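Computed from a predicted model, the values in this text were never measured in an experiment. Letters A, B, ... are given to chains in the order of the sequence lines, protein chains preceding strands, and every chain is numbered from 1.
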Amino acid sequence: MPELPEVEVVKRSLKKKIQNLRIKKVKINDSNLRYKIKSEEISKLIGKKIKKIERRSKFLIFKIDKKLSMLVHLGMTGKFFFINKNSQKFKTSFYYDMKKKDEKHDRVIFFLQNKQKLIYNDVRKFGFIKFYNPSKYYQNLHFKNLGPEPLSNECNFNYFKKYLKGRNRNIKDVLMDQKCISGLGNIYVNEVLFLSGIKPTRKVSKLNDAELKNILKNIKKVLKNAIRMGGSSIKNFSSDDGKKGIFQQHFKVYGKKGERCSNTDCNTKLVRIVISNRATFFCKNCQK
DNA sequence: TTCTTTGTTCCGGA
DNA sequence: GTCCGGAACAAAGA
């Protein structure tokens with residue numbers, strides 16, 4: 001699922017492919033994504049250049065001009081494809097299996113200059129495409145409550161400690177909360193807590209400074225590592241060459257219920273519990 | 001048919 | 001007003 005690292009990788013890939021290209025036409029195959037796409041809004045893109053592509057948390061921002069930015073959230077299964085002038089298809093995300101024929105889920109097609117195309121494909125339609133005025137960035141519903149970027153200097157021990165003061169939630173829910181730190185999702189929170197040796201149900205009021213520092217350190221480590229792997233796994237291959245380049249994620253706990261803990265000298269079976277309606281995986285022996 | 005998956009928003013109670 | 005947990009929502013594959 002696209003969390004911060006995946007979205008960052010998509011951003012870097014899109015930047016290489018479509019930055020500074022002009023939009024000639026937009027075809028909406030299905031306007032009913034998470035939010036309805038209004039054709040009068042999307043028509044404002046016609047004739048404009050995609051000047052810059054940025055990421056904030058799990059949101060992609062396509063900067064068009066002073067009054068217009070396009071906001072894209074990939075939801076669970078959102079992804080982009082780029083088709084070049086020789087009709088070669090490129091994926092822009094590493095968690096997607098190119099072998100699957102799912103062109104029926106191509107929701108929006110952006111026709112670019114030189115007969116190039118950008119396709120937004122989304123099987124489950126939990127993603128969305130919206131437009132906003134960048135001068136009102138801080139008032140935007142999606143941005144105004146976001147905590148700091150986890151890889152920024154702003155996301156440091158002092159901030160974390162201050163945020164947690166007076167709170168008594170469990171650590172997993174806090175890390176999932178975008179108001180605390182923005183960009184983490186279920187998968188990476190599970191991994192971070194495993195690496196930190198912290199049980200997901202621990203109350204934040206019971207965590208000491210060393211544990212908090214360790215959690216922060218591991219957040220940065222896990223995200224950086226995932227971006228690095230994602231970045232290096234993006235191969236420019238065409239759809240009929242889909243076998244190679246499929247990136248194998250290797251998580252230590254996520255989705256591994258019943259498997260043995262990977263820590264040296266620990267052979268404990270990993271367990272799955274549910275916290276706030278989310279699958280949670282951990283090692284009872286290593287996470288306290 | 002039911003269950004599972006996810007990020008985000010909204011709402012009620014403390 | 002703030003905090004927190006739970007529910008709702010979207011769609012589709014197994």
Side-chain angles (χ1 to χ4, degrees), chain A residues 1-8 10-11 28-38 55-61 71-79 93-97 99-108 120-130 132 139-150 160-193 200-207 219 223 226 249 251 253-258 271-281:
Chain A
M1 308 303 147
E3 297 180 28
L4 186 149
E6 289 80 5
V7 179
E8 176 63 22
V10 170
K11 184 205 82 181
I28 304 174
N29 289 335
D30 187 344
S31 62
N32 293 302
L33 303 182
R34 182 77 166 85
Y35 305 109
K36 181 97 180 170
I37 302 173
K38 293 177 187 157
R55 178 192 61 75
R56 171 73 173 110
S57 185
K58 301 164 199 166
F59 299 97
L60 285 165
I61 299 166
L71 173 60
V72 178
H73 193 288
L74 300 173
M76 285 175 68
T77 53
K79 61 194 79 77
S93 22
F94 64 83
Y95 56 89
Y96 180 63
D97 182 350
K99 281 186 290 185
K100 284 188 186 166
K101 297 258 190 296
D102 71 344
E103 273 142 17
K104 64 177 174 179
H105 304 304
D106 288 350
R107 309 299 179 184
V108 181
Y120 178 72
N121 177 295
D122 193 341
V123 175
R124 299 198 182 173
K125 303 205 291 185
F126 283 20
F128 64 79
I129 299 177
K130 274 187 165 186
Y132 70 98
Q139 290 145 261
N140 185 288
L141 177 72
H142 299 287
F143 300 126
K144 63 181 182 187
N145 292 321
L146 289 181
E149 283 286 319
F160 199 33
K161 179 99 178 163
K162 201 173 159 189
Y163 184 89
L164 297 178
K165 196 174 178 181
R167 292 177 198 265
N168 198 28
R169 307 171 78 182
N170 66 56
I171 182 64
K172 190 189 177 219
D173 278 340
V174 168
L175 295 180
M176 294 282 289
D177 193 335
Q178 304 299 299
K179 288 196 284 292
C180 176
I181 297 172
S182 65
L184 292 169
N186 198 32
I187 293 172
Y188 290 105
V189 169
N190 274 288
E191 296 298 310
V192 164
L193 291 175
T201 51
R202 277 278 288 284
K203 296 287 182 184
V204 292
S205 56
K206 305 280 184 194
L207 293 167
I219 287 172
L223 294 180
Q249 276 289 10
F251 298 123
V253 287
Y254 186 80
K256 296 198 179 293
K257 177 190 172 185
V271 294
R272 178 190 189 272
I273 61 169
V274 174
I275 297 177
S276 299
N277 283 316
R278 287 293 188 275
T280 306
F281 302 88

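Contacts between residues 168-178 of chain A and DNA chain B, defined by a heavy-atom separation below 4.0 Å, involve A:M176, A:Q178, listed by number.
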Which atom pairs link the protein and nucleotides 2-5 of chain B when you take only N or O atoms and keep those under 3.5 Å?
| from | atom 1 | to | atom 2 | distance (Å) |
| --- | --- | --- | --- | --- |
| B:dT5 | OP1 | A:R272 | NH2 | 2.9 |
| B:dT5 | OP2 | A:R272 | NH2 | 2.9 |
| B:dT5 | O2 | A:R124 | NH1 | 2.5 |

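In this structure, A:K58 reaches the B:dT8 phosphate: one of its side-chain N or O atoms is under 4.0 Å from OP1 or OP2.
Here the C1' atom of nucleotide B:dT6 and the NE2 atom of A:H73 are 9 Å apart, to the nearest Å. Note: CZ (A:R167) to P (C:dG5) measures 11 Å, nearest angstrom. In this structure, CG of A:N32 is placed 16 Å from P of C:dC9, rounded to the nearest angstrom. Summarising the geometry, the separation between NE2 on A:H105 and P on C:dA10 is reported as 18 Å, rounded to the nearest angstrom. Per the geometry, CZ belonging to A:R34 stands 8 Å off P belonging to B:dT9, to the nearest Å. Here B:dT8 presents its P atom at 16 Å from CG of A:L33, a figure rounded to the nearest Å. Rounded to an integer number of Å, the gap from OH of A:Y35 to P of B:dT8 is 9 Å. As rounded to whole Å, 18 Å separates atom P of C:dA10 from atom CD1 of A:I129.
Taking the side chain as every heavy atom from C-beta outward, A:L4 and A:L184 never approach each other to under 4.5 Å. Side-chain contact between A:R107 and A:I129: absent, with no pair of heavy atoms (C-beta onward) separated by less than 4.5 Å.
Atom NZ of A:K203 has more than 12 neighbouring heavy atoms from other residues, nucleotides or ligands inside a 6.0 Å radius.
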Practice problem: Step by step, work out the ring pair (Phe, Tyr, Trp, His ring centres under 6.0 Å) result for A:F251 and A:F281. | Solution: CA-CA 11 Å; A:F251 298 123; A:F281 302 88; over 10 Å; no
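Between the side chain of A:E191 and the backbone N or O of A:V253, at least one donor-acceptor pair lies under 3.5 Å. A donor-acceptor pair is defined here as one N or O able to donate and one able to accept, closer than 3.5 Å; such a pair exists between the side chain of A:N29 and the backbone of A:D106. In terms of modelled atom types and a separation under 3.5 Å, the side chain of A:E149 and the main chain of A:S182 share no donor-acceptor contact. Using modelled atom types, one side-chain atom of A:K79 and one backbone atom of A:T77 make a donor-acceptor pair closer than 3.5 Å.
Taking each heavy atom of A:A279 and A:R272 in turn, the nearest pair found is CB-NH2, 3.5 Å.
The side chain of A:F59 sits closest to B:dT8 out of B:dT8, C:dG5, C:dA11. The side chain of A:K203 sits closest to C:dG5 out of C:dC3, C:dA11, C:dG5.
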